[in-house]
Amino acid sequence: MSNNQNLSAWQRFYQRMTKAHELGKEEDIMTDHNYDGIRELDNVLPPWWVWGFVITVLISIFYYVKIFTGDYNQEQEYITEMEQGEKEVAAFIKQDKIDNPDKYANRTTAYTDAENLAKGKDLFTSKTCFACHLNDLGGSIGPNLTDNKWVLGGGFTNVFNTITKGGRPGKGMVAWETSVTKKEREQLTSYIISMQGTTPANPKAPEGDIEWSK
Ligand code: HEC
């Protein structure tokens, strides 16, 4: 290190941070540890590493004090941010519905709450669906609606479309678009989806090649 004067500021800093032992003088710091011919040098811990360690310790003390004595609470921060996020999404959708009504005109709502499902069940009787599909959806003229085989496709969107537009021509499943409101069709669809996997008294054999589980 005698030629320190000739080194740039960066090189001097680099040397100070590594304290690397000069390669030619390694014998000076050779220990007598010898593992199958691999020998060990008694190097000092590089100052950059020591400083990194000291800084993490200081940061941990800072966080320890802040978390256990201050009013900072990670869980509360998460809840607050989620609530804020939900508000922003709701506000965005509200405005978007005003700005782009077309985008929402064709959207459907699937219900899972007891009230709407009960409404769907009532409609299944009052709109005469039961006449061809039976009250437990086991099927007679129309197919069984509880199994995972579908003629026209399962899942909310397909079932809603079938009820809206009807089945294949001449099969007997008419389009209910004009006689059943959109909300009622959503309730009917939700009810049918909720009945997936139930066991009717006299289930009609599965029809259709489209397999669809709930
Ligand atoms: C006159 C008899 C009849 C009535 C009433 C009827 N359906 Fe159907 N339904 C059928 C037939 C037949 C099919 C099969 C259509 C096809 O093969 O294209 C069908 C198919 C369906 C399907 C599709 C099944 C599949 O496998 O893809 C759904 C869902 C459905 N009906 C729901 C209803 C609902 C809800 C109502 C009451 C609003 C209703 N149906 C009323 C006869 C009827």
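Whatever order the structure lists them in is the order used to number ligands and atoms, beginning at 1. Bear in mind the structure is a predicted one, so any value in this text is a computation, not a measurement. All values below were derived from every heavy atom in this structure, side-chain atoms included, with hydrogens, water molecules and symmetry-related copies excluded.
Using a 30° and 60° split on the angle between ring planes, W49 and F53 fall in the parallel class, below 30°.
Taking distance alone, with nitrogen or oxygen atoms compared against 3.5 Å, K171 stays at or beyond that limit from ligand 1.
Residue contacts with ligand 1 include I141, since one or more of its heavy atoms lies under 4.0 Å from the ligand.
M30 CE to H21 NE2: the interatomic distance, rounded to the nearest 0.5 Å, is 10.0 Å. Of the inter-residue distances, the one linking T181 atom OG1 with L123 atom CG reads 7.5 Å to the nearest 0.5 angstrom.
Under the 3.5 Å distance criterion, with hydrogens and angles disregarded, no donor-acceptor pair is assigned to the side chains of Q11 and Q15. The closest side-chain donor-acceptor pair between N161 and N158, if any, does not fall under 3.5 angstrom.
For the side chain to side chain donor-acceptor pair (under 3.5 Å) condition, the pairs that include at least one residue of residues 89-103, sequence neighbours left out, are Q95-D99, D96-N100, D96-K103, D96-Y104.
Per-residue contacts place V159 under 4.0 angstrom from the following atoms of ligand 1 (heavy atoms of the residue considered): 29 (C). Listed by atom number, the atoms of ligand 1 under 4.0 Å from T128 heavy atoms are 5 (C). Of all atoms in ligand 1, listed by their number and element, those nearer than 4.0 Å to a heavy atom of R168 are 16 (C), 17 (O), 18 (O).
When heavy-atom distances to ligand 1 are checked against a 4.0 Å cut-off, W176 comes that close only through its side chain, counted from C-beta outward.
Nearby protein atoms of type N, O or S around atom 8 (Fe) of ligand 1 amount to 2 (distance under 2.8 Å).
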